[in-house]
Amino acid sequence: MNSTFFDFHLFPVPEQAQPINGISGAGNQGIWVWYEAEAAQQAEMEGFLAKVFGAAKIDLAQQAKHICLTKEESISFSRLEGHKTAKFVFLFGISGRRLGLHFQLHPYQPVHFGSTTFILTDSIAAIFEERQAGGKEKSGQLWRTLKACFHV
């Protein structure tokens, strides 16, 4: 008798259906931006994100939905209203598993899954800190990825 009942992998899906901090932005262009920040940093990180996407001619408030997760918060992306209309999903330091995504993502390498392109990047806090220190490696990688995605 076979000691294994299943001959395929099972993946846990986060049970939480809504992020604790809610979803901001209208998302008119199907762009989803996920990031993590402490409550004291959230406004500053959101402002930095607006600046970064603004350079790519993306209005974060109108064209994107942006979600700030708390530390270690997991959410089921597939249970969120409007997830099927997502064209681009940017994960700023958020692993795909935290959103119930079970395919491999490599930093700054877009992955197409269905009609959605997923992009894993460094955390927005790490990119912000590097820019404050005068560095450009992480922000340069992000800029190249944004240019490729949005044809800037």
Please set out all donor-acceptor pairs under 3.5 angstrom arising from side-chain atoms of residues 133-152, sequence neighbours excluded.
residue, atom, partner, partner atom, Å
Ser139, OG, Lys136, O, 3.4
Arg144, NH1, Gly140, O, 3.4
Thr145, OG1, Gln141, O, 2.9

State, to 0.1 Å, how close [X] and [Y] come at their nearest heavy-atom pair, and which atoms those are.
| X | Y | result |
| --- | --- | --- |
| Glu72 | Glu36 | N-OE1, 4.0 Å |
| Val33 | Ala64 | CG2-CB, 4.4 Å |
| Lys65 | Ile23 | CB-CG2, 3.9 Å |
| Ala86 | Thr116 | O-OG1, 2.8 Å |
| Pro110 | Thr117 | CB-CG2, 3.6 Å |
| Leu60 | Ala50 | CD2-N, 3.6 Å |

Linking I/L/V/M/F/W/Y whenever their side-chain heavy atoms sit closer than 4.5 Å, directly or via other members, would [X] and [Y] fall into one cluster?
| X | Y | answer |
| --- | --- | --- |
| Trp34 | Phe88 | no |
| Tyr108 | Val89 | no |
| Leu120 | Phe53 | no |

What is the distance from atom [atom1] of [X] to atom [atom2] of [Y], rounded to the nearest 0.5 Å?
| X | Y | atom1 | atom2 | result |
| --- | --- | --- | --- | --- |
| Leu80 | Ile67 | CG | CD1 | 7.0 Å |
| Gln63 | Lys57 | CD | NZ | 11.5 Å |
| Phe92 | Ile124 | CZ | CD1 | 4.5 Å |
| Cys68 | Ile94 | SG | CD1 | 8.0 Å |
| Gln109 | Ile119 | CD | CD1 | 11.5 Å |

key: Beyond-backbone contact of Pro107 with Asp122, side-chain heavy atoms, under 4.5 angstrom   = no

query = So, the side chain of His83 versus the backbone of Ser78: is there a donor-acceptor pair under 3.5 Å, distance only?
reply = yes

Enumerate donor-acceptor pairs with a distance under 3.5 Å from any side-chain N or O in residues 42-49 to protein atoms, sequence neighbours excluded.
residue, atom, partner, partner atom, Å
Glu46, OE1, Tyr35, OH, 3.4

What donor-acceptor contacts under 3.5 angstrom involve side-chain atoms of residues 24-32, with partners at least two apart or in another chain?
residue, atom, partner, partner atom, Å
Asn28, ND2, Gln62, O, 3.3

